[in-house]
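Data first, discussion second: the structure below is written as structure tokens.
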Amino acid sequence: MSVATPAERARNPWLTATAWRNLFRDRPIIPLTGLLLVLVLVIQAVQPGIVGLPWAGVILRASVPLAILAGCQVLTMLTGGIDLSVGAVASMAGFVTATFVNSPGGWVLGVAVALSAAALAGLVTGVGVGVFRVHPLIMTLGMSFVVLGLANVWQLQTVQTGAGVPDPLRWIGSGQSLGIVPNSLLVFVPLAVLILLGLRRTGYGRLLFAIGDNPVAARLSGARAWQVLIVLYVVSAVLAAIAGLIVSGLSNTASVSLVDSSVLPSVAAAVIGGTSIMGGRGGFGGAIVGALILTVLTALLTVVGLPEPSRQILFGAIIVAVAAAYTRVTAES
Amino acid sequence: MTTISTDMLLEATGVSKTYGAVVALKSASLAVRPGEVHALMGANGAGKSTLVKILTGAVRPDGGTIAVRGRERTVHSPAEARHGGLVSVYQEPALIPDLDVRANLRLTETPVEPFRHWLAELGLADLDLSSQVRRMPLASLRIVDLARALAIEPDVLMLDEMTAALPANLTERVLEVVGRRRGGDRSVIFISHRMIEIAAVCDRATVLREGETVGVVDVTEGSEERIVELMLGEIAREMPAAAGGRATGGPGAPGAVPRLATRGLTSGVKLHDVSFDLYPGEVLGVVALEGQGQDELFDVLAGSERPSAGEILVDGRPVSLRHPADAIRAGLVYVAADRAEALLMQRSVRENIALPFTARIRNWGPIDLGKERTTVDEAVARLQIDARAGGEVRRLSGGNQQKVTIARWVAGGVHTMLCFDPTRGIDIRTKAQIYVLLRDLAEAGAAVLLYTSELKEVQLVCDRAIVIFGGRVVAEVAAADADESSLLRAAYNLRSDAVLPEDAAAETVAVEPAASGQPAAGAGGRQPDPTDAPREGDR
């Protein structure tokens, strides 16, 4: 057995490794922010002069919808679930709103209908997961097809009336005050504060962690998981719909599959941000940084001029590496 | 120690291990002679399990040396330790549930013939090797685990609470097999909370306290006292005086309405027609051999399962308990025996204690953090929880974890507490604290229903006890008459004037675990087929 005197251990680099592990485990947001800064420095080195306030504004603007979708994943993953229907629900929301632009109710009615439809989808998902105990992966995957199908039906119904992304959504989604600060922060900041405080300081937030950590214990303490889960999937779907509206405004397009490609990045952002897919561990702060990291990383890979396949490979590799690192630091030795 | 180190089969010196701020082992030493059965003793949290894990390579020590047959060794993994002749049988069977026994043997390259031999020695000769592990009762699994370890003829065999989940007859066999290994050139390290087993099979005992070896004792008659003293250190005399200041309320109080009463409670095939009254201010013991329906009784009272017939009355009014939340609202709070069932292992002590407060929808809103802190701190102080590693409950010792499960309910004020074997597998000191707490709760007017597998707890804590056998209440005993022998007679459903089977008296060893372990002893046959014993996990 190797002997290490205290003096030796003090000089031993192993101790710093432990310190790092603890830092990663308890405050993942600090090393993640460091990683984000490194990426920014790299992109600056690759293309000097690119980093500046306008660039930061563009990155922020692109990150907002991804961060909201990552919020959906954080909330559901905390309970040991996942929400793969965010893409379909978000696309549906943007699309439905666009079809109402020429109606008497205008875009306001469109947004109301879109959010209601999303909430309804979330309710069905929540009942499936909470009451009928369908695995969230299956339930939300199934729900994403249902929502896509219904959106297609809606598309056929409304094909004559004409559609377009309403101006207020474009303003929110792509507008930047002073040419820098994205207007979408007006939506995002209150949402983020709500989620962060909700997770830390409300009974409901505690229950999300509790159900993910140990459903039996939560039940024995009097929690009825189905109530928590139904509310959870409604909240997640509404958040996804809001993200969909912003994406629609950002890209000035409305299509039933607009946001589909963001589903896995949203999971990735949550995982990079330190939320465990096994439940009971994580938070939204990390996911926001995770979304920023992914956006900057995409920008970097574009600047470097890597072809799309290489970008995908790198993207996937980074996610796997981060997930593996978390598993190592959070496991009890 | 005066012995020269080269005489030792296994010698660990100055082994230390810290987890973050928590010192699991400060300086543990252990020297095992060839051919001896060596007890490793210590209160929970003293570091026994950590030391065993280090010896088998499951955990890396921070410092210290380990030598086998005089040669210093570094063990990196359990597999390496196995090849080096150090094998451990842990409390939880290390078997893959979805494979059959044979496939499990193949995984560890265990030869089948010696395995069969040891199985026969241990009393399970007719075990079908192609039965799936998942379907087998816990007791058989532990025997399989032990036989598998014995089959590779290890130099040092480590048994961690081996007899804890075994019925009486199997416990006997295990002790016999362990005892027979004395005098050869191979050794056994034996961990048990049962002093009587230590006395029966061990030659020497090493005592750990707070991560340090505090003494090595030759196990002879009367050495128990010395071992207990070493284990307890300063706090040895904190045990509550038996039978002092009992029952402020209780059935004797005129016109008292029972806090909790059941009438003809029946659940499936395990629980029949159970009726009892629990009064405010009393601790009512429930005594039963394993699998007599006590699990079902507590599940029904805690709202986890619905009764198939019968009535539950709280303060004289019938209640319907469809969910634990209903039970909690009716003031029935449940302390589960299995801490893994009750705790959020990755969350903090604070969140664990505050969990019941957030459970109801009306409490889903913002938490008054200041008030919560006060409540939680009070509960932590009252139960003397060592919350230094409180960031994650899984880093606490077993005893402290158990206290957290109790503190959760104490924090909110207790009307009726249902405790299912709350002291199983925890150290004497914590046990004493729990006894005192339960008495205090009763003095303050709460009602406590306590199932216990340790018969002597009945006299220490309870005002009276009911005995359940075969799903029915077969006896009610006042604390004064609840000595272990009458409780045992009742638990075996023997008339009080009947004599215990002649071998039983000599086997208090075997019988006491019978009550605390899991035997499904039928009235007629005292040697039930262990495979009939229900699995602990089936609760």
Side-chain angles (χ1 to χ4, degrees), chain A residues 1-9 12 14-15 18-19 21-22 25-27 78-80 194 197-228 230-232 235 275-276 278-282 330-333, chain B residues 12-15 19-20 54 59-67 72-75 302-304 323-329 333-336 338-347 351-352 354-369 391-395 405 408-409:
Chain A
M1 207 57 40
S2 61
V3 199
T5 67
E8 272 172 341
R9 240 179 294 139
N12 195 334
W14 207 81
L15 189 72
T18 315
R21 280 174 44 137
N22 291 344
R25 188 174 59 199
D26 302 329
R27 297 249 170 277
L78 283 180
T79 65
L194 214 59
L197 288 184
L199 283 179
R200 283 195 201 156
R201 305 216 163 174
T202 68
Y204 184 75
R206 289 276 181 82
L207 285 184
L208 293 181
F209 285 102
I211 287 172
D213 189 300
N214 188 346
V216 178
R219 182 180 143 85
L220 286 179
S221 297
R224 299 176 198 260
W226 62 271
Q227 297 172 336
V228 178
I230 288 178
V231 173
L232 168 66
V235 167
T275 301
S276 161
M278 312 302 287
R281 179 190 284 280
T330 53
E332 290 286 281
S333 56
Chain B
T13 323
V15 178
Y19 294 101
I54 286 172
V59 166
R60 298 263 187 104
D62 297 338
T65 56
I66 293 170
E72 202 170 304
R73 287 265 285 275
T74 311
V75 188
S304 291
H323 188 278
D326 297 331
I328 293 165
R329 201 170 314 170
V333 298
Y334 172 54
V335 176
D338 186 358
R339 296 183 285 272
E341 213 175 61
L343 291 174
L344 312 173
M345 287 295 178
Q346 302 177 75
R347 309 305 304 172
E351 276 182 49
N352 270 281
L355 180 57
F357 304 131
T358 59
R360 294 176 70 176
I361 289 188
R362 75 151 87 114
N363 297 329
W364 281 9
I367 298 168
D368 181 345
L369 292 178
E392 278 184 292
V393 160
R394 63 176 170 180
R395 291 188 222 159
T405 67
R408 169 183 292 170
W409 301 121

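In the text below, chain A, chain B and the rest are named by the order of the sequence lines, each starting its count at 1. These figures come from a predicted structure and were not determined experimentally.
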- Query: What pair of heavy atoms forms the shortest contact from A:Asp213 to B:Leu343, and how long is it?
  - Reply: OD1-O, 4.2 Å
- Item | Contacting region of B:Ala340 [heavy-atom separation from chain A under 4.5 Å] | backbone
- Note on the structure: The interface call for B:Arg329 against chain A, heavy-atom contacts under 4.5 Å, is side chain
- Contacting moiety of A:Val228, where chain B heavy atoms sit under 4.5 Å: both
- Message: To check you understand the geometry: which heavy-atom pair defines the closest contact between A:Leu232 and A:Tyr204, and what is its length?
- Response: N-OH, 2.9 Å
- Could you give the distance from CZ (B:Arg394) to CD (B:Gln346), rounded to the nearest 0.5 Å? 5.5 Å
- Query: Of the backbone (N, CA, C, O) and the side chain (C-beta and beyond), which part of B:Ala342 lies under 4.5 Å from a heavy atom of chain A, both, or neither?
  - Reply: backbone
- Message: Is B:Asn352 close to chain A through its backbone or its side chain, or both, or neither, when contacts mean heavy atoms under 4.5 Å?
- Response: neither
- Is it true that a side-chain atom of A:Arg219 and a backbone atom of B:Pro324 form a donor plus acceptor pair closer than 3.5 Å? no
- Message: Could you measure the distance from the CH2 atom of A:Trp226 to the CD1 atom of A:Ile211? Nearest 0.5 Å is fine.
- Response: 12.0 Å
- Query: If you tally heavy-atom pairs under 4.5 Å against chain B, which of A:Val216, A:Val231, A:Leu207 wins?
  - Reply: A:Leu207
